[in-house]
Structures are given as C-alpha cells and as structure tokens.
Number of protein chains: 2
Amino acid sequence: MRVEIVAVGTELLLGQIADTNSAWLGEHLAEAGIDSHFHQAVGDNHARIVLAFRTALARSDAVIVCGGLGPTQDDITRAAIAEVMNVELVRDDAIVERIAEMFGARGREMSDNNLLQADVPRGAAIIEQMRGTAPGLICPIGNKVIYAVPGVPYEMTEMFERAVLPDLHARSGEGAAVIRSRVLRTWGTSESGLAEAVGPRFDHHNQGTTGLTVAFLASGIEGIKVRLTAKAPNEESALALLDDEEVHVRSIINKTFGDIIFALDEHTMEDTIAAMLIERGLTLSVAESLTGGLIASRLVNVVGASTWFRGGIVSYASDVKYSLLGVPEGPVVSAVAAEAMAEGVRDSLKSDVGLSVTGVAGPEPQDEQAPGTVFIGLSIAGRATSSVHLRLPGDRPRVRQYSAISALDVMRRALSAE
Amino acid sequence: MRVEIVAVGTELLLGQIADTNSAWLGEHLAEAGIDSHFHQAVGDNHARIVLAFRTALARSDAVIVCGGLGPTQDDITRAAIAEVMNVELVRDDAIVERIAEMFGARGREMSDNNLLQADVPRGAAIIEQMRGTAPGLICPIGNKVIYAVPGVPYEMTEMFERAVLPDLHARSGEGAAVIRSRVLRTWGTSESGLAEAVGPRFDHHNQGTTGLTVAFLASGIEGIKVRLTAKAPNEESALALLDDEEVHVRSIINKTFGDIIFALDEHTMEDTIAAMLIERGLTLSVAESLTGGLIASRLVNVVGASTWFRGGIVSYASDVKYSLLGVPEGPVVSAVAAEAMAEGVRDSLKSDVGLSVTGVAGPEPQDEQAPGTVFIGLSIAGRATSSVHLRLPGDRPRVRQYSAISALDVMRRALSAE
C-alpha cells in the first residue's frame, strides 16, 4: 500500500507557510508501516488540483489530500475530487443540519457559503467532523482511494487517526490493527552510539514478525528519540508489547550510557524537572550568563511553574556576577564562578536548588576560553556544591541552546541520584 | 515560465525534517514574478526520482531540484538527471581538482566517495560551488531545464540567487533583469489595517507597469512585513526604485499609524535596540516576570551584546519582586509594580535603562487580572519612569512572546522619541 500526500493551498507554493501537515502525515504513515513515496503541493486552482490527483493516483494506491475543504471560494478540493471520480457533487442534508446546529449553538449567523461544506461527491463516504465544520471524505476510485481532510492541523490529525488510518489498514488487508508508539527521549549521546547499542533489538524487531519496530530520530537541541511502535489487534496488546519492549531498551540504554532517558513521548526536560521538584518539595532558582535567560524562559513554560520556580538572575556583565551573586573577582568562565553563581542565586532568591551556567557563546573567545566552553554549577540544600565542564559544538545560538538543556540535564541527574 | 520544485530526500517523506527549502524557493520565485504551480517531495530512490522529474517536466517549463548532490550512496540526483536527459555521467577534472584542494586546505583526508560530486551529466553546465563541495547543475532537456542545487539551505539559497534566478530570467526572455527587495518590518497594527492604508501604492504598482510590487506578510510574533520588490535592468536602478518607494510607503505608514516600522530586511527588533543603545552610549537591564527570561535571551542573541546589556532579574515569585526589586507589597500585576521593577533592576544592575514586564500568561487569572493582561515598565536615567498597559490575545506561550516583543517596542519608541 503506497500513499501519496497532496497538500492544497496557494500559500504553500508561495512559501507563506511551511507544509507541516505533510511532514506530520509522512511521519505517522511511516510509523504505521505504510509507504509514502511522493508528496505534492498544489495551489487553489481546479485544473491543477485535478492534475495533481491524477498524477498521484497513477503512481500510488491511495491519496491523502489536505486542505481546500473550507467554506470560501478558494476551497475547491471537493469539486476537483468529483471531477476525478467523474461524478457530481450532491448536497448532504445531514451535514447541512449539523453545520446549521453548530452555528446556532454558537449564536452566530451562518452565511450560505458554509453549505458548500455539505457538498459530497456521489459515492464518497463522509468522515464526520468532531472539531470544525468541514467533514472529511473517503472517495473510492476503482481499486484506489482519495481521502480528503481539512488543512487545519488539529482537525487533520484527529481525522487521520480516527478514520483514515483504520481505513488504510482495512484496505491493505491487515484488519483493524491498532498502532501505538512510545518515544524514549535521551540527552547525552549520539544517534550512532544509540543505534549501535540498541542494534540487537532493532534487528530482532525490524523484520516485521514481532509486531514491533524500533526507530531513532535525531531531534537537534532536544536530543535523540528512540521510538518503539507496536501493531496489535487491540489497544491492550499493543500497550503490552510496548511495556515489555520499553523494559528491554531501557535496560540496554542504562547499562551502556547511564541515566540518559529524561522523558517519554511529548514530555520535555522541564516537565521532568518540574515533576521531580514537586515530588521532593523543592524550589529552584537559576543564574544565567551565556544562556541569558533561556533556561528560565523554558522553565516558566511549564504550567504551574510558580509553585516551584522562584526566578533567576541573568548576570551577563562580569561585575553583576561579582556584586549580585558573590562571584569572587577573577575569570568568570570557570568552575569557581559557576559554583559561586549557583550558591549566590540560591541564597539571593531563597530557593532549595540553585542552577547556574557560565561560558563562551562566541564568536570571540573570553577569559582565554574557546567558544563552546561551558561550566554548569549546581547547589542543592544539604549537599556539596558541584560543577560540570562541557565543550559544546556549534554557532552562538546553538551553543546557548545546548548549554540550556545540558544544564537542566545536570540538575535532573543530580536530583534523581538523591 | 512555470517552475516546479522537487525536493529529494527520504527524511522529508518521513517527516523527520520539514521542507523549508521548497517554501523558501516558492517565496523567492513569487517575489521574482515567476510562477510555481507544483511542488514535489521524493525519497532517495532512483526510479522514483526519475518519475518525479518526468512528471515535473510534463507540466512545468523548468524544474529546481534540491538535495541528493552530496558524496554518499544516497546521493543519486545526478544519475537520475542523466537518465532523464538520456546521457551518461562524465567525471569533470576541474571539479575533482577543486574538491581535492578543499580537502587539502582543511588538512583532511578525502575519501573516494567525494569524487562522485564531480560527475556531471553530459551537456549540463556547472554552477560553481562557493561554500561546500557539491557543485550545482544546469541541465537542458529540449526547451526545458532542470536546475540541481544542494539541499544545504545556505548553499541552495546562494546558488539560486547567483545562478538559477538569472538563468530563469534569461530563458523567460526578460533579459538580465535584476530583482531586489526591501522589507519594512512593523509591530503594532494589523495586516488588514496596513493593507488598507498602503492600498493606493499597492494598486498603483501591482498592475505590472512600474517595475515595483508591494506585498504584505503576516509573521506572527515578529509582526507584519511590507515587502517592496523592484525589477530593473541593473542593480542601481532597482535600488533607486526601492529608495523612492520606501519614502512613499514610510510616509503613509507614519502618518496613519505612527512609528511602527522597527527595522528593515532581516534585522530584528533587538538589532534596532542594540544600535540605538550603542549610538546613545546607554546600558540596559531587564526585570521579567511573565516573560521569564525571554526578553533577556533575545537580547543576548545580538553579537556584541556585552557592550550594552548588563543582565536581568527574572522575578517569577512575588516575594522576589519585593525583596530584590523593591516592589511595594501588593498586587504584582499592576502599573505600580511594573514601574518599581524597572527602577529596581536599573538600580540593582547599575544600568542607564531598566525595562520590565509583569502580567498574566494564563491559563488562570492572577491578582484578579485576566490572562493576557500585561504591564510594561520603563525607567531611563534623567526621565520620569513610565508604564504601558496591554491586553494581549492567545495562549500561554503566545502571550509571553507578544509581551516580549511589545516590551522591546515600547523601549524602542521611547528611545527614538528622545
């Protein structure tokens, strides 16, 4: 089963928005074990949309169309599908009623345009709309099929998971399999290192006989992800496969690299830190030099941060480090300075934990230290203050981003070793 | 002249990276007045790349291929083009020599793989490489053409502007026109408002007779851009057209909205602020509550920030505002608190200017203020301390981002009114 993605919208061709829908669909098709060999983008033009569909149907078994299902004159995906199916559009009374109800419930007047969304190519099945007004469509064409979903990302993803993916599986003769995945997020090793260590599990599974696959995804400043994907007859058995495999993979990773798994799935490093601080009843403050507020701004993105985050001091000028944080006069890119900063901010903001970063973002060296030189300081009530020295690669913004997540990871490991 | 973009790389189909190259090319083709009706993405597979090229050549006049020109086994764009051209690949000695020289200069050993980059379809012209090792190609096919450029963004953009765009103009019979554009970046009004005010200039130019076009681009947390694009026989006359039009558009915008143009082209709000502070010999410090370090982290991204940026205090907990910044006990989401924070941080960090933000990011109200309520405080040596009250839309991250750029803009306007 080969699926082609067609994104509809002139704004995509003009580069006004990036085509993140196609990327998302590509990722989730791959995860479900379905091939996608081509993507296309096409503007809001009837003849060209028809041509894009015919091209896609000639070289793929199924087409997922994103966009062009809304209520405006630009939204012509329905008509283009009808032409390719060689049928007419028929207004669906049940959809008309649902759209009218939705407007009624919101107390808004409905313009007639909105009824265009109730037009359905004869012979197409409807994917009911849960979140917006435009329903999706399943349009059989010979032994092939076009799925049409809205371009609004959260409507698209919901319809894909609820209706498109199950239909694809049914058509490919695999029955109503359930696909679930779990992502182990790591910080502190390389993709090739992880791939080598986890290689035996990869080889064991990726033959297609165990119902599981293992994949590695490099995610830049967010580390490397190990994704486990299970295909099973039902949710319970899919989750059981994942639970079992997670134990294997965790054990290999922990034995080879130590405690580098910082979170699961969509959780971030700062989510993990928030949970650890709350569990231990600790508060945190940060002293930042080269990261210049980046760590603090990541931390406050966690909802409810005010229960554990006290704040921070961005000590960019050296004399601010001396005067506000009690750093001893001397080189400020040093272990001594990092440790003094962590103690100083903890003292000044009256928190249980103080985390600090000082270093050289570049492009010029500072204190005779090369760009990428970073010291992370950590002070925890009742423990000895410590620091970690790193050499990070990359340009100025990258050194800063790597430093921020590295500092958070240093704290995470220290707290979990408690 | 219709140009189709083909992005090559399995990682695009898998959604591991978003296809930002195609968006960039689409934007710049449109800016140059060249139509692009279709984009395709295809994986690293010979037969499928060939099929994508044939599809593109059937419906477009020219094809720009991004990616697959590197030195690994995955890089098969050259061979696919040769097949479509029905010619063989010939190793180019001059390219071999340049690659060998480049490795020699970097003191690195060259593996034989790298010589694959010297293979050129017979009859193709070479776009010399300025930044990497893989040259680009201009491959005529009948009266059509395939341009191949590397997938590395900065190599792709450089080759597009230097070689692909001039060749496209030459082929379209428009002679060696020069296209130059200028972007006026604004903060503080809506796209529709700008479009209405600048409407007469838009109507005047966008008929295709003046050599100029005007476009509006909404850029989210970076405001609205007004892009002027001039097409002229040479650089000098293109720039003269832009200079002249910039005066007209600036005058309209200033009269209608006041001082909302904060920068030109790729310059950011913080670049403008850095230049103003340097010119006036002033230093800056910031006190942040709801932005949690976001303003500071934007400021330190400017190279050389240490000459004017002293640092900041992230006073997330209320008592940190009282103890470190001298905010009077009471509601911390208020004009009084914002002003005290600005004065407090200026005093504590010994800077000439103190900028502060306090407010409610949500999702819950605070101090009986709704999410999106923001106060910005500003204290400048020798001037009365002031504050601005805003109500910002959006969710938690968006309120925070809007607050950061709004605060910087408040300071910019105050400094420019000096």
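Just the heavy atoms: all of them, side chains too, but no hydrogens, waters or symmetry mates, feed the values below. Letters A, B, ... mirror the listed sequences (proteins, then strands); counts begin at 1.
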Give the minimum heavy-atom separation between B:L14 and A:A30, together with the two atoms involved.
-> CD2-CB, 3.5 Å
For the residue pair A:L324 and B:S348, establish whether any side-chain heavy-atom pair is separated by less than 4.5 Å.
-> yes
When rounded to the nearest 0.5 angstrom, what distance separates NE2 in A:H39 from NE2 in B:H39?
-> 14.5 Å
Would you call B:V314 and A:E288 a side-chain contact if the rule is heavy atoms closer than 4.5 Å?
-> no
Closest-packed option against chain B by number of heavy-atom pairs under 4.5 Å, given A:A305, A:A52, A:G362, A:A317 | A:A317
Under a 4.5 Å cut-off applied to non-hydrogen side-chain atoms, are B:H37 and A:N45 in contact?
-> no
Bottom line for B:L299: the part with an atom under 4.5 Å from chain A's heavy atoms is neither
Proximal component of A:R298, with respect to chain B [non-hydrogen, under 4.5 Å] | neither
Do A:V303 and B:R396 come close enough that some side-chain heavy atom pair is under 4.5 Å?
-> yes
Honestly, the part of B:A287 sitting under 4.5 Å from a heavy atom of chain A is neither
Looking at B:Q40, B:R310, B:H28, which makes the most heavy-atom pairs under 4.5 Å with chain A?
-> B:R310
Rounded to the nearest 0.5 Å, how far does CD of B:E11 lie from CD of A:E27?
-> 13.5 Å
Is any side-chain heavy atom of A:F38 closer than 4.5 Å to a side-chain heavy atom of B:L51?
-> yes
In terms of heavy-atom contacts, does CZ of A:R227 have more than 12 from other residues, nucleotides or ligands at under 6.0 Å?
-> yes
Counting heavy-atom pairs under 4.5 Å with chain B, the top scorer among A:L290, A:L29, A:V302, A:V345 is A:V302
Tell me, side chain or backbone of B:D19 under 4.5 Å from chain A's heavy atoms, or both, or neither?
-> neither
Enter the distance from B:L13:CG to A:D35:CG here, rounded to the nearest 0.5 Å.
-> 10.0 Å
Output, in order, the C-alpha distance, side-chain angles, deciding distance and verdict of salt bridge (Lys or Arg N to Asp or Glu O under 4.0 Å) for B:D319 and A:K350.
-> CA-CA 10 Å; B:D319 67 276; A:K350 300 187 177 41; over 6 Å; no
Bottom line for A:A361: the part with an atom under 4.5 Å from chain B's heavy atoms is neither
Using a cut-off of under 4.5 Å on heavy-atom pairs, state which of A:V300, A:T55, A:V320, A:L294 scores highest against chain B.
-> A:V300
Winner by heavy-atom pair count (cut-off under 4.5 Å) against chain A, out of B:L349, B:V42, B:N301 = B:N301
Counting heavy-atom pairs under 4.5 angstrom with chain B, the leader among A:A58, A:G312, A:A7 is A:G312
Would you mind checking which part of A:L12 comes under 4.5 Å of any heavy atom in chain B, side chain (CB onward), backbone (N, CA, C, O), both or neither?
-> backbone
Give the minimum heavy-atom separation between B:S297 and A:S297, together with the two atoms involved.
-> OG-OG, 4.4 Å
